[in-house]
Each structure stands twice: as C-alpha cells, then as structure tokens.
Amino acid sequence: LVQLQVDRTSAQGGHGANTLLLVTKNEVHQVTPSIRTQFPLQFLVPRRVPIVLPESSPDPPINAVTTHLTDSCAQTHQDGMALHPHYNHHNEEDRISMVMVATAAKRKKPQIWVSDESGLEFSLLKLSNAVKREFEKGACPMLATMGSVTYLATQSMAVFGTADFGASWSVVLPAPAQTDRLVQLQVDRTSAQGGHGANTLLLVTKNEVHQVTPSIRTQFPLQFLVPRRVPIVLPESSPDPPINAVTTHLTDSCAQTHQDGMALHPHYNHHNEEDRISMVMVATAAKRKKPQIWVSDESGLEFSLLKLSNAVKREFEKGACPMLATMGSVTYLATQSMAVFGTGNFGKSWNVVLPAQAQKDRLVQLQVDHILADTLLLVTKHEVYQVKPHIRSNFPLKFSSPLKLPVVLQDEIPAHPINVVAT
C-alpha cells in the first residue's frame, strides 16, 4: 500500500463520503466500511473492489484511475474518463460500475469507449457525424459526469450531453467562433449548495475559465436550452493556470500565487441562481508598498479600491500579501501578524476578530476548515491554529474573542500544500 484516500466521489444524495481508496503501485481498491456497532466500534468485513490502472504508470495518480485501453486520454488527463452517474449511488445495490473513456492517437480521430460493469471489457461508441465533426485528429476530447448527465467537450468548445451513458448525444453548447482552444473540462464543485448537487461546468482555456450551467429542456429525448458562457479572467502570464487560481487581471494580484489572495462574495454560489452575487475581493501587494484590497462589480472585471481604516492598514506589511477567505456570511482578512478582521458587507466596514498576536510565527496561509464548517485555520510554518469566530451582534458586526487551538504539524514543512493540513 502506498496511499490511503477518501473517495470524495462517493458523497451522493446529501450523504457524506463512505468509501476509502487503497492505492498500490498498480491497483486501486475501493473499500466501503460498514459499522456493525458503535460502542465498542466494530466493522463488517468490507469487500475490496479493484480498479485497473495504466499498466506502465510508475506512480499512478489517483485522479487518473483509468483503464488498460491503448492511447487512453485518462492516463494524462483526469477529464479523459467519466464515471456512470450511478457509479457511486448511495444505495449499493443501485450502483452501476461503468466508465466512459476517450482515446486519441496521432493523425487519427479520437474514439469514445464504454465499459461493462467489470470496468475491464470495453465497446466502441458509435457517434453521430455532428459529434465526430468537432473532433481534432490526435487531440483528446474531455468528459465529465454531473448529475444524471455525462458531458463531452472538444477543443473547439463544443459540448454534448448524454443521459443514457453514450447511446445518444444532444448538443449542449455549439462550438463558438473565434475562441481559445479548450484544455480542460471540470465540474464546478462549489456550485453544489443547500443540499443540491453541482450544476455548473467549467470550460478552461489557457487564458480564461468559462462557467456554463446547462438547463435540460426535455428529458425524452434529451434537449438543452442554450446556456450562457460566463468568463472568469485568469492571470495573463500563466502558462498553465490552475483552476484554483481563478483570479483577476489586477497587477500584483496575490491570487496569482496564493489561493487565499482572493475571496468570493458569500452569495457567489447561492443555490437560488437569481440571488447570486458574482463579486470577488482581491488583495494586491508590491515591493515597498502597503498592500491594497479591491472589490469587483458583478462582471468580475471592473474593480474599485477599498478604503480601509487605519486599524486594518496598520497591520499590513509592505510587500506582503494579506489573506482572504469567505465563511458563511462573513469575509475574513488576515495579516502576517495574525490579526484577523471580518466584514459582513463585503468590505464596506471591518471589525476585529482576532488582535495581532505577540511573539508568534508569521502567518503564511488562511483557510476555511471545511470539516468543521465554522472554523478558520491560521497556518504558520510550524503550526496550525483553529479559530472559531463568534458573532456577538450582526448590526453592527461584532465578534467575541475566539479561542485559538494549536494543531501539531510535521517538523520543518517548508511549504505545506493546502490539502495536507496534517499532524
């Protein structure tokens, strides 16, 4: 065994994840522990379900769990493969363990294959001319499953959808004229709100990310209303922009290098589409200058500079990025001195959450602890502190002093990644 993971895709129908992935060099096994008794804790013996990985992969990434098909796009791209909508159904007897895989070889048109329930035997899909026309020779198409529909996207940004896992396809988005080549298709997990599943796709080009929310007009036959592409501007000079650095065109934007250099409005992904507020807050920092905080209009493109109180600006260090995070209805700002401020009106006024800490390591990262949902993580080089802000009054916004709880980290972590808050 080389890796243990929680299979986040097993979170279905409002239930939390219930499956572990046991990763060896050549295989991945799914294990679903069932608790027989809580006191003392006892388990039923679970079944290990192997998933075949690329044969030649020396260190296969878990997100490229794929097949033994030659020229499989899933060996290099997570979106080269899609799981059946019921692959991780919360009722085990209703699960359908089928996968769809794209293959692409030089000077040949790509192909789409669908497995049987073993995940080992594949049959070639017969695609309509409308779909095949958008394929480029040697270029991988992209696949993603969201809700009951599996989506296929091509480099020309044409998007198709199937509700019967490949037997028939419908046009979701026609190929637009004069656009960058599509390099990645993703499901926007942040669009899952209020018990509803994710409903937004992200179409990623080299310089832009487009949000697309497909609306089904009829189920039989499957038809879509033409969705609107909503662009999000990425850093201009990024050669291969990661999706988590979705940011702005502001010079010196902290979000170009730090995820916590930007925060979304609390209603950015509201489950009622008409109540969404597509505003972002961005920190900028330049050498020998005090940082600044900017807030966008709803287009996400035009920004205005926030007027900050002296109490906030006093904690800023020249050339050092402040950190931003939205949790619940409040957006938080933290500085290297571990001073934390909160705003309930997205920047118009700020209140002290945590005063600057004397004799502490410099703060290097601000996170929302998504496990506890009401807790911030203040990360230094050697420690992580949990902080639970308590709102004393909403109008005006005031906080009780929170308790800082240290969490022990590994010794000497030079730059711990965001997902590896550890012990």
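Numbers for residues simply follow the sequence, beginning at 1. Scope of the values below: all heavy atoms of this structure, side chains included, with no hydrogens, waters or symmetry mates.
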Close side-chain approach of Leu377 to Gln386, heavy-atom, < 4.5 Å: yes
Under 3.5 Å, which donor-acceptor pairs link side chains of residues 342-354 to any protein atom two or more places apart or in another chain?
unit_1, atom_1, unit_2, atom_2, d
Thr343, OG1, Asn345, N, 3.3
Thr343, OG1, Asn345, OD1, 2.8
Thr343, OG1, Phe346, N, 3.3
Thr343, OG1, Gly347, N, 2.9
Thr343, OG1, Ser349, O, 2.9
Asn345, OD1, Lys348, N, 3.1
Asn345, OD1, Ser349, N, 3.1
Asn345, ND2, Ser349, OG, 3.0
Trp350, NE1, Gly347, O, 3.4
Asn351, ND2, Leu397, O, 2.6

Is there a donor-acceptor contact under 3.5 Å from the side chain of Gln292 to the main chain of Val282? no
Please check if the side chain of Thr200 supplies one atom and the backbone of Asp188 the other of a donor-acceptor pair under 3.5 Å. no
For residues Ala320 and Pro291, report the shortest heavy-atom separation together with the two atoms involved. O-CG, 3.0 Å
Mind listing the closest non-hydrogen atom pair of Leu127 and Lys132 along with its distance? O-CE, 3.3 Å
State, yes or no, whether a side-chain contact exists between Leu376 and Val368 at a heavy-atom distance under 4.5 Å. yes
Tell me, with the steps shown, if Leu152 and Met142 meet side-chain contact (heavy atoms from CB on, under 4.5 Å). CA-CA 6 Å; Leu152 182 154; Met142 290 147 267; over 6 Å; no
Any heavy-atom pair between the side chains of Leu222 and Thr162 that's under 4.5 Å? no
Residue pairs passing the salt bridge (Lys or Arg N to Asp or Glu O under 4.0 Å) test where at least one lies in residues 96-115, sequence neighbours excluded: none
Ignoring hydrogens and geometry, is there a side-chain-to-backbone donor-acceptor pair from Glu134 to Met157 under 3.5 Å? no
The test is side-chain contact (heavy atoms from CB on, under 4.5 Å); show your working for Met100 and Ile112 and say whether it passes. CA-CA 7 Å; Met100 186 181 293; Ile112 307 294; 3.5 Å; yes
Sorted by first residue and then second, give each salt bridge (Lys or Arg N to Asp or Glu O under 4.0 Å) pair with at least one member in residues 71-92; sequence neighbours left out. none
Qualifying residue for side chain to side chain contact (heavy atoms under 4.5 Å, CB included) with Val340, from Leu366, Val387, Leu378: Leu378
Derivation of the side-chain contact (heavy atoms from CB on, under 4.5 Å) call for Val280 and Phe303: CA-CA 9 Å; Val280 296; Phe303 285 78; 3.7 Å; yes
Does the side-chain contact (heavy atoms from CB on, under 4.5 Å) test come out yes or no for Leu143 and Tyr151, once each step is laid out? CA-CA 6 Å; Leu143 297 163; Tyr151 296 90; over 6 Å; no
With distance as the sole test, does Thr145 use its side chain to make a donor-acceptor pair with the main-chain N or O of Ala82 at under 3.5 Å? no
Taking the side chain as every heavy atom from C-beta outward, state whether Trp294 and Leu306 have any atom pair closer than 4.5 Å. no
Do Ser278 and Tyr268 have side chains that get closer than 4.5 Å, going by heavy atoms? yes
